[in-house]
Amino acid sequence: MSLHITFPDGAQKEFAEPMTALEIAKTISNKLAKRALAAEANGQMVDLTKPLDGEVTLRIFTFDDEEGKHVFWHSSAHVMAQAIKRLFPDTQFAIGPAIKEGFYYDVDSSHVFVPEDMEVIQQEMLKIAAEDLTFTREELPRQEALEFFTARGEGYKQILINDLPEDAVISTYTQGDFTDLCRGPHLPRTGFIKAAAVLSFAGAYWRGDAKNKMLQRIYAITFPDKKELDAYLFRLEEAKKRDHRKLGKELDLFMLADEGPGFPFFLPKGMLLRNALIDYWRKVHDRYGYVEISTPIILNQELWHRSGHWDHYKDNMYTTQIDGEDYAVKPMNCPGGMLVYRSEPHSYRDLPLRVGELGLVHRHELSGALHGLFRVRCFTQDDAHIFMMRDQMKEEIQNVVRLFDEVYSTFGLNYQIEVSTMPEDHIGDKADWDFATETLKNAITDMGKTFVINEGDGAFYGPKLDFHLADSLGRTWQCGTIQLDFQMPERFKLEYVGEDNQKHRPVMIHRVVLGSIERFIGIITEHFAGAFPLWLSPVQAKVLTITENQNEYAEYVTAKLKALGLRVEADIRNEKLGYKIREARNQKTPYILVVGGKEAEDGTLAVRRRGNDASVTMTVEEFAEQALREVAELNKDF
């Protein structure tokens, strides 16, 4: 049978006989063939060594692709299991999936893994990689597969086989002396792996059920090049230094307490940072034509039934009773915003109406999911609801994107856009969903922006654009979202009087730019490693005295700079200057202002800028002018 290949770019190739994806890659270039890891044939992931025939739409993946990384890391999980089996022969294996970065394997072993085992396992993995063993796929009848793993004492694999559908294809992969249950695909050979690191050990219940046995989970990562591993480990160490929980404590920004798990406490310096961020948010939104409102935290159950949240979000909501009636603590600001819109009549002349709210919301999160400011149970959502006519939708979406561009560039954050489409659990007609989805796509395409599709991940009331931000370490965070909604206005019977003097239903946009104040503070704390830009720093300058003789002058300077609008502290303790400077640096203070006898006499300051040991002599007025100018310009280079 002949083979007709169609590639993603539309290019085509004809072959007289069946060929593997690897052989096809060689016809394109030797470089691609060397880098190829796996393929997708007619939408199904396959090994590079699988013969293909007939009409085939083909994609070939390298380590540059997410699909390629997944295959690389899942294959590496098999290699790690083989290494563990060689080192600790009585080990049984449960599951070993690839994850976002690397992979893990859950194992049942009499050996208790300790940090000293990491290097031993790594070396055995690299030894297996150097053996350049071939990954060989074999398909087995159910009974034969059960007998195979029973003979090897692999009880977890037997359970996994028994859980598969009766008509499921049961496949194994073998490399050298090790065979594992797996659907694949895998690398052609273990030799693709050039660098490995075992990262950590943890406990994990079999199938995540506390009633089951506790297994040992081993996390690791591999790369096709040692330089990539070194870069990854550097990023990992840098991420540890930047952990917002660590910096939040060191910089006195926020605290977490056992008395309120998932409910963060902001400390005085944290509030200075938070308020600076909110002030910026308000100024931007004022320029873009938003008005601000505030809606109640607790509203009755009937409202949440009307909005659909009671049926689609109840498990994440906190409820209470007032005067014998059921109420809920709001997990979202939207229903309150609907009531505000409905409280007075509107004309087409009022639209678009852009309404912002910094609303405190509460959502129930499982205790195991809580994580610093990133995953909390209460947070301030920087919400906005835009009410508009249908012919205003595209322009308003683009207006929101322009606002996003301004805000994210202020923090030096780039983004990728994801279009999330209709989920299975949704309300409203498919025709409205399709129209809304196409409107979102067209709006951003016309701005020259690109997007990827995230099938089935829209909100239950409408499709959305999700903005994934990349920080200084290349990590991505989902923050901004633009949700187009035909359903809420219908449910709340929102109206406006059109130019034809008839009543019409508005369309609305739900959107957040920061996502939540708390989470965004966590993100930028790690992005800037705690060294915030001057305009955002809780303390913008510290005045340090050399001796007690300058205390009065230091207090004068501090008061004058504060009066001009700068956030300044004085350190007049009877400590050595070097100690005070180190402490100010550890606090990531943008400016250190040293005053000694000469400065006090001349009315000057010895100004040290963060990251620079050299000092410049300036008058108080000169420094204030420079600092205030940088604050006004939102200087992003600190």
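- Taking each heavy atom of Pro264 and Leu373 in turn, the nearest pair found is CB-CD2, 3.7 Å.
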Under the salt bridge (charged side-chain N to carboxylate O under 4.0 Å, His left out) criterion, do Asp209 and Lys211 qualify, and how do the steps go? CA-CA 5 Å; Asp209 190 338; Lys211 296 177 182 176; 5.6 Å; no

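- Judged by distance alone, with hydrogens and angles left aside, the side-chain atoms of Lys580 form a donor-acceptor pair with the main-chain N or O of Asp571 at under 3.5 Å.
- Ring geometry, Tyr280 versus Trp535: the interplanar angle falls from 30° to 60°, so the pair is classed tilted.
- Between His468 and Glu418, the side chains place a donor N or O and an acceptor N or O closer than 3.5 Å (distance only, hydrogens not considered).
- Glu569 places none of its side-chain heavy atoms less than 4.5 Å from the side chain of Val543.
- Between the side chains of Tyr288 and Asn399, not a single donor N or O lies within less than 3.5 Å of an accepting N or O.
- Ring pair Phe411/Phe520: centre-to-centre distance below 6.0 Å.
- Between His385 and Phe387, the ring-plane angle classifies as tilted under the 30° and 60° cut-offs.
- Using bins of under 30°, 30° to 60° and over 60° for the plane-to-plane angle, the ring pair Phe223/Trp73 lands in the perpendicular bin.
- Aromatic ring orientation, Phe374 versus Trp477: tilted (interplanar angle from 30° to 60°).
- Shortest non-hydrogen contact noted between Glu154 and Thr91 is OE2-O, 3.9 Å.
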Quick one: do His74 and Phe103 satisfy ring-ring contact (aromatic ring centres under 6.0 Å, His included)? Show the steps, please. CA-CA 7 Å; His74 188 47; Phe103 54 93; 9.0 Å; no

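- When all heavy atoms of Arg511 and Ile482 are compared, the closest pair comes out as CB-CA, 4.2 Å.
- Cys378 places none of its side-chain heavy atoms less than 4.5 Å from the side chain of Val361.
- Within the 4.5 Å cutoff, the side chain of Phe492 has heavy atoms near those of the Leu303 side chain.
- For the residue pair Asp326 and Gln321, a side-chain donor N or O sits within less than 3.5 Å of a side-chain acceptor on the partner.
- Between Arg475 and His527, the side chains place no donor N or O within less than 3.5 Å of an acceptor N or O (distance only, hydrogens not considered).
- Under a 3.5 Å cut-off, the side chain of Asp471 and the backbone N or O of Leu473 do form a donor-acceptor pair.
- The closest donor-acceptor contact from the side chain of Gln92 to the backbone of Gly155 lies under 3.5 Å.
- Remark: the Tyr105 side chain and the Asp180 side chain contain an N/O donor-acceptor pair separated by less than 3.5 Å.
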Would you check, one step at a time, whether the test side-chain hydrogen bond (donor to acceptor under 3.5 Å, both in side chains) holds for Asp383 with His510? CA-CA 7 Å; Asp383 242 327; His510 308 250; 5.9 Å; no

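- Considering every non-hydrogen atom in both Ala369 and Arg375, the closest pair reads O-CG, 3.1 Å.
- With Asp311 contributing its side chain and His305 its backbone, the two residues share no donor-acceptor pair below 3.5 Å.
- Contact of the Thr481 side chain with the Leu465 side chain is not registered, since no non-hydrogen atoms from C-beta on lie closer than 4.5 Å.
- A donor-acceptor pair is defined here as one N or O able to donate and one able to accept, closer than 3.5 Å; no such pair exists between the side chain of Asp485 and the backbone of Met508.
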Evaluate side-chain contact (heavy atoms from CB on, under 4.5 Å) for Arg354 paired with Val291, printing each intermediate quantity in order. CA-CA 6 Å; Arg354 308 179 187 107; Val291 295; over 6 Å; no

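- Among all heavy-atom pairs drawn from Val507 and Leu484, the shortest one is CG1-CD1, 4.1 Å.
- Within the 3.5 Å criterion, the main-chain N or O of Pro533 finds a donor-acceptor partner in the side chain of Ser537.
- Between Glu518 and Phe266, some side-chain heavy-atom pair lies under the 4.5 Å cut-off.
- Annotation: Lys246, atom NZ; neighbour count of heavy atoms from other residues, nucleotides and ligands within 6.0 Å is above 12.
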Given side-chain hydrogen bond (donor to acceptor under 3.5 Å, both in side chains), test Glu357 with Tyr290 step by step and report yes or no. CA-CA 10 Å; Glu357 178 174 13; Tyr290 287 77; over 6 Å; no

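- Within the 4.5 Å cutoff, the side chain of Trp310 has heavy atoms near those of the Gln301 side chain.
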Intermediate values then yes/no, side-chain contact (heavy atoms from CB on, under 4.5 Å), Tyr156 and Trp206: CA-CA 9 Å; Tyr156 298 99; Trp206 166 237; 3.8 Å; yes

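- Using cut-offs of 30° and 60° on the angle between ring planes, the pair Phe467 and Tyr415 is perpendicular.
- Ring orientation note: the planes of Phe263 and His362 are tilted relative to one another, at an angle of 30° to 60°.
- Tyr461 and Glu490 are not linked by any side-chain donor-acceptor pair at a separation below 3.5 angstrom, with hydrogens and angles left out of the test.
- Note on ring orientation: taking the six-membered ring where Trp is involved, the planes of Phe404 and Tyr408 are tilted (angle from 30° to 60°).
- Considering only heavy atoms from C-beta on, Leu273 comes within 4.5 Å of Pro538 through its side chain.
- Remark: the backbone N or O of Arg282 is not paired with any side-chain donor or acceptor of Asp286 at under 3.5 angstrom.
- No donor-acceptor pair closer than 3.5 Å links the side chain of Thr319 to the backbone N or O of Tyr327.
- When all heavy atoms are compared, the tightest approach of Ile453 to Phe451 is CD1-CE1, 3.7 Å.
- In this model, no donor atom of one side chain and acceptor atom of the other lie less than 3.5 Å apart for Ser516 and Gln381.
- Under 3.5 Å, the side chains of Thr525 and Arg242 contain no donor-acceptor pair of N or O atoms.
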Steps toward side-chain contact (heavy atoms from CB on, under 4.5 Å) verdict (Arg567, Val539): CA-CA 5 Å; Arg567 298 187 289 274; Val539 177; 5.6 Å; no

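- Here the side chains of Pro331 and Asn316 are not in contact, with every heavy-atom distance at 4.5 Å or above.
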The test is salt bridge (charged side-chain N to carboxylate O under 4.0 Å, His left out); show your working for Glu250 and Lys269 and say whether it passes. CA-CA 11 Å; Glu250 292 174 356; Lys269 287 182 180 177; over 6 Å; no

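- Aromatic ring centroids of His111 and Phe88 lie under 6.0 Å apart.
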Report the C-alpha distance between Glu583 and Arg573 in whole Å, list the side-chain angles of each, state the deciding distance to 0.1 Å, and finish with yes or no for salt bridge (charged side-chain N to carboxylate O under 4.0 Å, His left out). CA-CA 12 Å; Glu583 196 169 79; Arg573 294 174 298 167; 2.6 Å; yes

Residues Arg306, Glu302; criterion salt bridge (charged side-chain N to carboxylate O under 4.0 Å, His left out); working and verdict: CA-CA 6 Å; Arg306 205 184 327 162; Glu302 187 278 329; 2.6 Å; yes

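- A 6.0 Å sphere centred on CZ of Arg207 holds more than 12 heavy atoms belonging to other residues, nucleotides or ligands.
- A ring-centre distance under 6.0 Å is not found for Trp304 and Tyr313.
- The main-chain N or O of Tyr591 is never found under 3.5 Å from a side-chain atom of Arg610 such that the two would form a donor-acceptor pair.
- With 3.5 Å as the limit, one finds a donor-acceptor pair spanning the side chains of Thr295 and Lys330.
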